[in-house]
Structures are given as structure tokens and as C-alpha cells.
Amino acid sequence: MIRPDLTLPIPENIEAAHFIGIGGSGMSGLARMFLARGIRVSGSDRADSAGLRELAALGATVHVGHDAANLGDDVDTVVHTGAIWPENPEFLLAKQRGLHVIHRSQALYWLIGGRRLVSVAGAHGKTTSTGMIVTALRTLGTDPTFVNGGVIAQLGVSSGSGTDDLFVIEADESDGTFLLYDTSVALITNVDPDHLDHWGSADAFYDAFARFGNEAREAVVISSDDAGARLVTERLTHERVVTFGEAFDAAVRVADIRTEGPVSFTISHDGVAVAGRLPVPGAHNAINATGAVAVLLTLGFELEPAVRAVEEFAGTVRRFELHGTKRGVSVYDDYAHHPTEVAAALAAARTVVGEGRIIAIQQPHTYSRTQEMYREFAEVLETHADHTVMLDVYGAREDPVPGVTGELVSGAFADPAHVHYVPDWQEAADYAASVARDGDYVITLGCGNVNLIIPQVLDALERSTSLDNPGE
């Protein structure tokens, strides 16, 4: 992993930029915006993808695989993520040439260029909350520029260039880069200690969020319910702190949350209450919507139009996204990769699955998180899913750690009958299909590449019959 060096100078002018890891949702969004600015864009990724092909159609020069030959002679700036290896040949050549080599957060800083910035940070819910704010602002007649960590369903993109002064971003706390931006309104969805390999301690993690909030120019909007957020609130010295959530003393309060089917709720502020309803399920989305509404209030919008605008949000890609139904079994995908997120995703599924069961296909993400949280993952999965198919760890930027595999998680289940560890993907897909019956949900969980198993699952469902109903 390459830790971002935020002290490196950011160029004033960029004419030709090369993106190492251009296929990721965040990096492809940045590349798209560079293209919109008239900047020549090239980039590489380790595997082909629809995102790569879309960028190529927009005029980018894209390469599958990392190779020094991918770095064109005209490139003046190289943009990278922290997920690449220090030995990446394009990275090394860029350094050798003396090019500007900047982290993706610095490229985003360059794009923002001093505009009125809404930064959304938190351990969970960032992508959804950012999508809600962007969707609502557009519904309310504004035209914000935005960069999100995932594709906003009704827009079909993760980033867009607008004509207004407003700029909305999902800000990343994992490596401290959320402290780089000159934020006007900061939204803190929750503060569940994570990425302690970077921060060192939970206390340092809380301090970073407090600094993020305190440095906001206009306001900090923060959860009233989350335990970590409350600890951060105690450290805030900002003159305008707007709390949101179910707590009775929240400045923007949500109540009457009903989760049967699409979630409905009532949001109140300054003695006014407005009922709302979302097309996406889950109590956590009612909370996310309340945070988005609180941000809109700080930007000067009234409560009722703000709630109506947030209702237009139709979800983001890889957040409880339906990919198909075969043999009466619906197959969903969710980006959840932390125990809290997994619990929220499965709880949302439970509200709409009816009499059906939930079969989770879990891909643990990174060896460090799996080693630290395998017991929590096992408890959450055993509590919220009827059965779990456990894959092996998606290491991302990390080297393997002996003994840290999917079996470490499956071995922590209290009842081994609730879990099946299957490192081979085809066997995992076949097993999930054999377990599933009419009315069940199969849900892939993880922020690695677990979504790529979905075609195998759908195919296996079409070919198989259920173990519970062998005569189907």
C-alpha cells in the first residue's frame, strides 16, 4: 500500500493525466471529470471492466494490466490510489521522470478549486448519503458538481460536472485524506472505529473526525445516535453543530420508522414534521435520509421540499442491488464489508424478504480487518442470515496473513450448520443454489470482487433444484 503524501505539491495546470487504477468507481469518476475539463486522460487497471470501456468511449486511452509502456510521453501528472503496490511499474517510471505524482484525493482537491464544498464522511453510509444529497439538490433545481464513491442509480454515474458553485463529495477517512479539503458543510454519518492500521487507535480516529468537523466553514452535521459520533460531538467546538437521528434531542429528528417494504418515516425540525418514504428498504436508509435533509437545511432549503427531494433517491449501485431472479430466488449484491454494514444490509433484506430466507455469500475484505473482526462478522452473519456461504479473503492491497482465511470467520460461528466455507467460487455458487428455495434472497456481501460471482449463482439456480424441494 502507498500511503498518500499530502505534502507533495499539486500542479496548477494539468494537460495530460494518467490514472493508475482507473477502473475503480472513485478513480473512474475523477477521470470522467478530467475528460469533461478537456484534459487528455489515460489510465490502466488490472482487469477489463465496463467502467474501462465507458471511459474509452469518452476518449480516454485505457490499458488492461500495469506496464511502464502505458505511461505516455505527453503525461505531466500521474494520479494513483493507495491500493497500488510501491513496485507498480507506471508509478516507478513516473517518479523517475520527475512527473507530478499525486494521490486521488489531491486530484479531487484540484478539481474542487475553492467551490462551496459539502463533504460526507463516516464509517458507513457515505455513498448512500452523498447520493441522496446530490439527487435532492438536482431535484430542488440546483446543478452541483459531485464525486461519489459509487454509481448513483438514476444518474448512471458516480461523478458529474455541474454549473453551480456547490460541490458534493464522499470524503475518505481511511487514510486521513478527508482532512485535505476546504469543507463548507461537513456531514458525519457515524464514527465506528475502522482502519486502525492507519490511525493507530480509536482515540486518534475520533480526534480526526472532530478536526474534520471543526474545520468546516459553515456547519457540521452529525449523528445523534451513533456512539462514536457522540464521542466526537463532545470534542467539537464548532459554533454550528446540527445533530440528526432518532434521539429526542436531535435538531433534525426522525421517528415513526416503518420498514415493511420501502421504508417510511417522519422527519421533524423546529416544530414542523413531514412524512417521507423511500423506494429503498431499511431503517438505516431512513437515518441516512435524515442526515441528507439536515444538510439541505443548512444549505438554506425548507423542510418539506427537502424531504420531497430526498424521496427521489433510487439507490446506488452495489447497495442492495437486485441482479436477477431465477427459480423464484432473488439475487442481490451489497458493498457491505464491515460488521455494522453487513448487519444493516441484512436487516434491510429481512424487512422485504417476507416468508423467504436470507442466504449470504460473504467475501471478507482485507486480511487485517478479517483478523481483527472475524468474531464480529461471524456473530452478525449468524444473527441476521439464515445461512452463510463463506468465501476466502479479498486481500486488496495487503499481503496474505497465515491462518487468516474465510475459514477463520466460519469457524467462529456458534452453530456450524449455519455456515459453509467454500473457497472455490463455482462450488460456492452451486452450493448456494442448492440451498435456496422459492422466495429466498441470495445476497453477496463485500467491497472486493464478490459481485462477479453473481452470474455463476444465477446460472447455478437455473440449472439446479433446491435441496429443500428436490422435486421442483
Side-chain angles (χ1 to χ4, degrees), residues 14 17 25-39 41 51 54-55 57-60 104-105 107-121 125-171 178 181-187 189 216-219 221 242 274 276 278-280 288-317 319:
I14 300 176
S25 59
M27 288 282 275
S28 63
L30 289 175
R32 187 186 298 269
M33 295 186 70
F34 271 61
L35 286 166
R37 293 276 188 98
I39 297 167
V41 169
E54 288 170 7
L55 287 170
L58 291 171
R104 63 183 177 85
S105 62
L108 178 54
Y109 178 90
W110 185 86
L111 283 168
I112 294 166
R115 277 179 279 190
R116 190 184 185 195
L117 180 64
V118 177
S119 295
V120 181
K126 295 187 293 292
T127 301
T128 296
S129 297
T130 304
M132 286 177 170
I133 293 167
V134 170
T135 301
L137 285 171
R138 290 167 64 98
T139 301
L140 290 164
T142 68
D143 188 21
T145 300
F146 63 93
V147 176
N148 199 14
V151 173
I152 301 171
Q154 62 259 60
L155 303 182
V157 292
S158 61
S159 68
S161 298
T163 57
D164 288 353
D165 188 46
L166 275 173
F167 203 119
V168 184
I169 67 169
E170 176 182 335
F178 72 150
Y181 311 112
D182 185 12
T183 296
S184 293
V185 177
L187 170 60
T189 59
R217 289 179 176 271
E218 299 176 32
V221 179
V242 180
V274 176
L278 294 171
V280 291
N288 290 332
T290 308
V293 167
V295 168
L296 295 171
L297 294 175
T298 67
L299 294 175
F301 296 98
E302 297 296 324
L303 180 62
E304 178 148 7
V307 173
R308 297 285 87 82
V310 169
E311 285 181 318
E312 296 299 312
F313 176 72
T316 53
V317 173
R319 270 70 178 180

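Looking only at distances, a side-chain donor or acceptor of Gln154 sits under 3.5 Å from a matching main-chain atom of Glu312. Side-chain atoms of Arg217 do not come within 3.5 Å of backbone N or O of Arg116 as any donor-acceptor pair. Thr142 places a side-chain N or O within 3.5 Å of a backbone atom of Leu137 that can act as its donor or acceptor partner.
The two residues Gly59 and Leu35 make their nearest non-hydrogen contact at C-CD2, 4.3 Å. Minimum interatomic distance between Gly156 and Val151 (heavy atoms only, all atoms of both residues): C-CG1, 3.4 Å. Closest non-hydrogen pair, Ala31 versus Leu55, comes out as CB-CD2, 4.1 Å. Nearest heavy atom pair, residue Ser129 against residue Val120, reads CB-CG1, 4.0 Å. A pairwise comparison of heavy atoms in Leu30 and Ala107 identifies CD1-CB, 4.4 Å as the closest pair. The minimum heavy-atom distance linking Thr135 with Gly131 is given by the pair OG1-O, 2.8 Å.
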Carefully, step by step, assess Leu155 and Val134 under the rule side-chain contact (heavy atoms from CB on, under 4.5 Å). CA-CA 10 Å; Leu155 303 182; Val134 170; 4.1 Å; yes
Intermediate values then yes/no, side-chain contact (heavy atoms from CB on, under 4.5 Å), Tyr181 and Ser105: CA-CA 9 Å; Tyr181 311 112; Ser105 62; 3.2 Å; yes
Just do the side-chain contact (heavy atoms from CB on, under 4.5 Å) check on Phe146 and Ile133 with the steps written out, would you? CA-CA 10 Å; Phe146 63 93; Ile133 293 167; over 6 Å; no
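Here Phe34 pairs with Phe19, Trp110 under the ring pair (Phe, Tyr, Trp, His ring centres under 6.0 Å) rule; sequence neighbours left out.
Proximity of Phe167 to Val147: side-chain heavy atoms (C-beta onward) are separated by under 4.5 Å at one or more points.
Separating the OG1 atom in Thr139 from the CZ atom in Phe313 is a distance of 11.5 Å, to the nearest 0.5 Å. Leu117 CG to Tyr109 OH: the interatomic distance, rounded to the nearest 0.5 Å, is 10.5 Å. Atom CD in Glu170 sits 11.0 Å away from atom CG in Leu187 (nearest 0.5 Å).
Note on residues 157-168: pairs passing side chain to side chain donor-acceptor pair (under 3.5 Å), not counting sequence neighbours, are Asp143-Thr163.
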Enumerate, atom names and distances included, each donor-acceptor pair closer than 3.5 Å involving a side-chain atom of residues 294-310, sequence neighbours excluded.
| unit_1 | atom_1 | unit_2 | atom_2 | d |
| --- | --- | --- | --- | --- |
| Thr298 | OG1 | Val295 | O | 2.6 |
| Glu304 | OE2 | Arg308 | NH1 | 3.3 |
| Arg308 | NE | Glu311 | OE1 | 2.8 |
| Arg308 | NH2 | Ala275 | O | 2.3 |
| Arg308 | NH2 | Glu311 | OE2 | 3.4 |

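With a 6.0 Å radius and a threshold of 12 heavy atoms from other residues, nucleotides or ligands, Arg138 has its CZ atom at or below the threshold.
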